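Everything on this sheet refers to the single structure shown next.
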Amino acid sequence: MNTSTRNRVDDAIGKALSIALPELEQPNRDAALTSDMGLDSVQIMNLVMEIEDELDISIPVDLLSETRTLNELAARLVALIDEDGA
Amino acid sequence: MSLFDKFAKLAEARAALGAEGPSAIATPIESVESASRGRIAGREVILAGTNNYLGLTFDPDVIAAGREALERLGSGTTGSRMANGSYAGHRALEAELAAAFGWPSAIVFSTGYQANLGTLSGLAGDGDYLLVDADSHASIYDGCRLSRAQTVVFRHNDPDNLDRRLSRLGDRASNALVVVEGLYSMLGDQPPLEEFVEVKKRHGAWLVVDEAHSFGVFGERGLGLGEAAGLLDDIDFVVGTFSKSLAGIGGFCVSRHPELELLRLASRPYIFTASPSPAVIASTRVALDKVLQGQALRERLHRNIRRLYEGAEAMGYRLGSEQPGPVAALILPDRATALAHWQGLLEAGVYANLMIPPATPAGLNLLRISMSAAHSDEDVDRILAALQDMAAAMPSQAPSSAVSA
């Protein structure tokens with residue numbers, strides 16, 4: 001795994017969380033977004049759009065449906081960025 | 001564990017609504033007596049929570065055409081168009097829809113939901129891209145899921161955000177289908193269509209406009225926002241429904257590309273379902289003619305819309321859209337206030353819609369009032385008076401205090 005990309009993704013997720021979901025303090029990045037954190041689809045969509053802006057990438061909807069936690073999302077985004085050479 | 005465990009949160013939400021008052025979800029309309037009048041719990045109410053924008057559901061000609069077809073052709077087609085359900089009326093309605101737009105092809109679907117499902121999943125396949133507005137209707141999202149295309153969401157009504165996504169696709173944008181709506185029913189707002197058209201043209205992408213709520217309402221002939229904006233030459237596909245201005249059940253896709261006809265061989269929601277009944281087709285054909293000739297109805301509708309918007313704004317209500325349209329969404333500060341408004345209006349004899357999270361954008365609590373050409377001046381007066389009473393009865397939660405929410 002590309003460490004610098006992972007750091008960039010983690011930073012972007014942190015910034016996106018603070019903008020889209022400021023009420024979530026220190027969220028557990030291994031918690032399930034829906035069942036554990038209680039996020040609804042609109043909140044997840046807003047979070048993803050903030051991440052897209054931070055990283056200047058487009059995140060396919062399918063990738064979200066296959067992702068349970070923020071750490072899983074980060075790993076998928078690293079793969080997406082490395083694949084696209086972004 | 002059981003199959004139903006996953007519904008626990010839905011059950012909680014429904015129970016909470018029931019504890020605070022009558023359930024807006026479960027309130028039955030006992031009878032519908034005209035395009036603007038119904039009966040709920042034994043009382044006559046003004047119907048201001050339907051999408052009967054031109055009020056054609058009780059038009060005598062529309063009803064007569066449906067009745068005649070029911071008696072002459074029977075109650076149902078008993079099959080799909082592909083197998084055994086393609087009647088002359090289906091093709092005639094498709095020809096009339098295509099002619100209305102001046103385009104070569106139209107396809108009728110059995111519901112508006114299936115129109116989006118069948119169009120998007122049929123047009124976009126493996127290796128293609130669907131770019132959809134974040135506030136899109138569920139049928140658009142479901143159409144994306146049924147397709148094998150890669151789906152990306154762009155920010156609501158944000159052409160710059162779409163531009164960045166298309167830029168990332170580069171040459172692949174020629175395989176991208178952009179999907180927007182002519183009017184978004186939750187907040188009643190409209191897209192900046194001219195800017196979206198400019199972006200899609202610059203990237204060589206394709207554009208679908210879902211005119212479900214705007215067909216019949218905007219444009220000289222009622223063809224929707226695309227016609228009103230003078231952009232029909234730049235739109236590739238228009239999707240619509242029969243269940244709003246056309247006063248029936250069904251849907252359509254019409255296109256300036258004759259290749260749309262091939263969709264009949266590729267669209268599962270078109271192929272694997274029963275075709276619309278003869279009565280629905282016959283009544284829709286008459287309703288379509290009345291929509292196209294319906295300038296007076298549209299003038300009446302827009303007069304009602306203006307009065308409602310201006311009245312609600314003067315009371316301090318915050319509306320979901322600055323552009324007046326057939327759906328007036330009042331943004332209220334919390335669920336309790338929204339529920340109280342919905343209940344207060346019902347007690348005053350006005351049936352509106354309560355919309356609460358998670359069904360709403362940005363977690364908003366909404367009271368949604370749908371206007372119709374069938375509403376009289378007195379109806380609009382009564383709706384405004386009911387709103388005024390709600391604002392006056394809850395000074396601690398006056399709408400004006402909610403405008404910063």
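Protein chains get the first letters and strands the later ones, always in sequence-line order, with residue 1 at the start of each. Worth saying up front: this structure is predicted, and the values here are computed from it rather than measured.
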Worksheet item: So what's closer than 4.5 Å to chain B heavy atoms on A:M45: side chain, backbone, both or neither?
Response: side chain

Worksheet item: Can you say whether B:N161 sits under 4.5 Å from chain A via the side chain, the backbone, both, or neither, judging by heavy atoms?
Response: side chain

Worksheet entry | Whether over 12 other heavy atoms sit under 6.0 Å from A:R68 CZ | no

Worksheet item: Of all of B:R145, B:Q150, B:K6, which one pairs up most often with chain A through heavy atoms under 4.5 Å apart?
Response: B:Q150

Practice prompt. Ignoring hydrogens and angles, tell me if any N or O in the side chain of B:R165 forms a donor-acceptor pair with the backbone of B:V153 under 3.5 Å.
Written response: yes

Practice prompt. Kindly say whether A:I57 contributes a backbone atom to a donor-acceptor pair with the side chain of B:R168 at under 3.5 angstrom?
Written response: yes

Worksheet entry | Region of A:Q43 that comes under 4.5 Å of a non-hydrogen atom in chain B | neither

Practice prompt. Specify which of A:I59, A:D62, A:D53 makes the most heavy-atom pairs with chain B at under 4.5 Å.
Written response: A:D53

Worksheet entry | Heavy-atom contact with chain A under 4.5 Å, split by part of B:Y129 | neither

Worksheet entry | Donor-acceptor contact present, side-chain B:D128 to main-chain B:A149, <3.5 Å | no

Discussion item. Under a 3.5 Å cutoff, is there a donor and acceptor pairing between the side chains of B:D334 and B:T337?
Written reply: yes

